[in-house]
Amino acid sequence: MTLGSNLLGLMVQVMLPLSLLVAAGGWWAARMGEGHDAGVLRAQLNRLVLYLFYPAILFAVAASTPISFELLTVPLLVGIGTLANGALLYVLLWKTRLGAGLHDTTRASLMLGGMFGNTFNVGAPVLEFFFGAGAMRYAIFNDMFMTMPVVWTLGVWIATRLGSHAEGERPDVLRTVLMMPPIWAFALGLGAQYSGLAYPPLIEAARFIGQAAIPVIMFVLGMTIPWRRLVPRTEVLVAASVKLLVAPLLIWAIVLLWSDAPTEAQRASLVECATPTFMTSLLLAERFKIDAAASALLIGWSTLLFWLSLPLLMALGLFG
């Protein structure tokens, strides 16, 4: 397929439905207003995804996907890109004029948002477009082996030590992680697979239920973006550019040094690196009392700019 036909397919098959869901969420939030009811709806939908839809798809994929070294290269490479983004943003926000005049809470919010991407909700549909059915496994294994552990260790440290400077705010990381339903669903799936107890009808039922995760969370994303306050701020746009471009280009260079013929998993890591800011950054900002408004702006701008950066990276040949 030519670049033009691939790009058209990406627009129609991935970007159009995702954009419609985000737009629907934005319209719904505007219709409800910014009062208590909208906040309750967002919270309930997030809870529904966290406790039902996302664990269901995690169980289904973990129960049917053997772990391999190639699969684990995805969280490894995405983790390298994440840390590189964090290091660059630290220098830009704390050591240059870009961060002059910003409060540490704002710097920490932008650093977090510029490090971690929406690797499942946005990444999974893009992965399946490029690499076919089943490519969602790359996003899920990245979430389990990179995003969750790094967010709840390094991410919490950034929020509390660099941002709020609140010594008493750091949670018990192990307890927090072990209380998350997705962790248990993933572990149960792996256990079922490697014990030989995987029951195909149950796996398919869980997969069917889990299909709701991405549409619901993209709708919530539309409700979360502060459309009426989406003004361009230099530091936000720089953080968004770092998130969308630096990690995928860096990992691309590493992959090319590693191999003349990148594997599917290595290319999948580039897609994951290229995703816009994850929504959990806003939850972390609210929980640890750093700049939630800056976090929401970065989510909004990185999501909008993603529709431009992804075709650019595609034209450069990163994904195939």
Side-chain angles (χ1 to χ4, degrees), residues 39 42-47 49-51 54 75 78-79 81-83 85-90 92-94 99 102-123 142-183 217-218 220-221 223-226 229 233 235-236 239-240 242-244 247 272-273 275-303:
R42 281 195 299 270
Q44 292 296 334
L45 290 175
N46 273 321
R47 191 170 291 116
V49 171
L50 179 65
Y51 284 88
Y54 189 42
V78 178
T82 298
L83 295 177
N85 276 3
L88 177 58
L89 285 166
Y90 177 80
L92 291 174
L93 294 169
W94 270 271
L102 297 179
H103 195 276
D104 280 349
T105 55
T106 302
R107 294 185 179 118
S109 286
L110 296 178
M111 184 175 176
L112 278 172
M115 290 175 65
F116 299 100
N118 204 340
T119 52
F120 177 73
N121 302 306
V122 175
N142 179 73
D143 270 13
M144 291 297 103
F145 288 97
M146 196 289 291
T147 302
M148 282 195 178
V150 177
V151 164
W152 289 102
T153 52
L154 178 59
V156 170
W157 185 87
I158 291 168
T160 55
R161 290 292 186 90
L162 296 182
S164 63
H165 302 290
E167 291 293 328
E169 288 290 326
R170 292 190 295 279
D172 183 330
V173 171
L174 182 60
R175 181 172 180 272
T176 299
V177 171
L178 289 179
M179 289 179 64
M180 292 182 175
I183 296 292
I217 210 65
M218 294 307 293
V220 174
L221 174 59
M223 296 186 70
T224 302
I225 294 174
R229 300 187 300 277
R233 286 169 41 182
E235 67 274 13
V236 172
V242 169
K243 176 66 205 75
L244 296 171
E272 293 288 88
C273 285
T275 53
T277 297
F278 72 152
M279 290 175 59
T280 306
S281 64
L282 181 58
L283 301 179
L284 291 171
E286 292 172 343
R287 177 168 181 175
F288 297 113
K289 299 178 177 62
I290 56 178
D291 194 339
S295 180
L297 276 178
L298 181 53
I299 291 170
W301 277 111
S302 65
T303 301

field: Sequence-distant partners of T303, side-chain hydrogen bond (donor to acceptor under 3.5 Å, both in side chains), two or more places apart
entry: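 Per chain and number, T303 pairs via side-chain hydrogen bond (donor to acceptor under 3.5 Å, both in side chains) with no residue.
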Which heavy atom in [X] sits nearest to a heavy atom in [Y], and how many Å separate them?
{"X": "S281", "Y": "T277", "answer": "OG-CG2, 3.5 Å"}
{"X": "R233", "Y": "T106", "answer": "NH2-CG2, 4.0 Å"}
{"X": "R229", "Y": "L297", "answer": "O-CD2, 3.2 Å"}
{"X": "L93", "Y": "M111", "answer": "CD1-N, 4.0 Å"}

Kindly write out the residues that satisfy side-chain contact (heavy atoms from CB on, under 4.5 Å) with [X], not counting sequence neighbours, or none if the list is empty.
{"X": "I183", "value": "M144, M148, V177, M180"}
{"X": "T280", "value": "F278, L284"}
{"X": "L282", "value": "T224, E286, A292, S295, A296, I299"}

Let me confirm one number: the [atom1]-[atom2] distance from [X] to [Y], rounded to the nearest 0.5 Å.
{"X": "L83", "Y": "L154", "atom1": "CG", "atom2": "CG", "value": "6.5 Å"}
{"X": "L88", "Y": "K243", "atom1": "CG", "atom2": "NZ", "value": "12.5 Å"}
{"X": "R42", "Y": "M279", "atom1": "CZ", "atom2": "CE", "value": "9.0 Å"}
{"X": "L110", "Y": "I158", "atom1": "CG", "atom2": "CD1", "value": "12.0 Å"}
{"X": "D291", "Y": "L298", "atom1": "CG", "atom2": "CG", "value": "11.0 Å"}
{"X": "I225", "Y": "W301", "atom1": "CD1", "atom2": "CH2", "value": "10.5 Å"}

Which pairs of donor and acceptor atoms, one on a side chain in residues 112-122, lie under 3.5 Å apart (sequence neighbours left out)?
unit_1: N118; atom_1: OD1; unit_2: N121; atom_2: ND2; d: 3.0
unit_1: T119; atom_1: OG1; unit_2: D143; atom_2: OD1; d: 2.8

message: Under a 3.5 Å distance rule, please check whether T275 uses its side chain to pair with a backbone N or O of G123 as donor and acceptor.
response: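 Side chain of T275 to backbone of G123: no pair is present.
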field: Exam field: side chain K289 to backbone G163, donor-acceptor pair closer than 3.5 Å
entry: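 Checking the backbone N and O of G163 against the side chain of K289, no donor-acceptor pair under 3.5 Å is found.
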- request: Under the ring-ring contact (aromatic ring centres under 6.0 Å, His included) rule, collect the residues that match up with Y90, sequence neighbours excluded.
  value: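 Partners of Y90 by the ring-ring contact (aromatic ring centres under 6.0 Å, His included) criterion, ordered by chain and then number, come out as W94.
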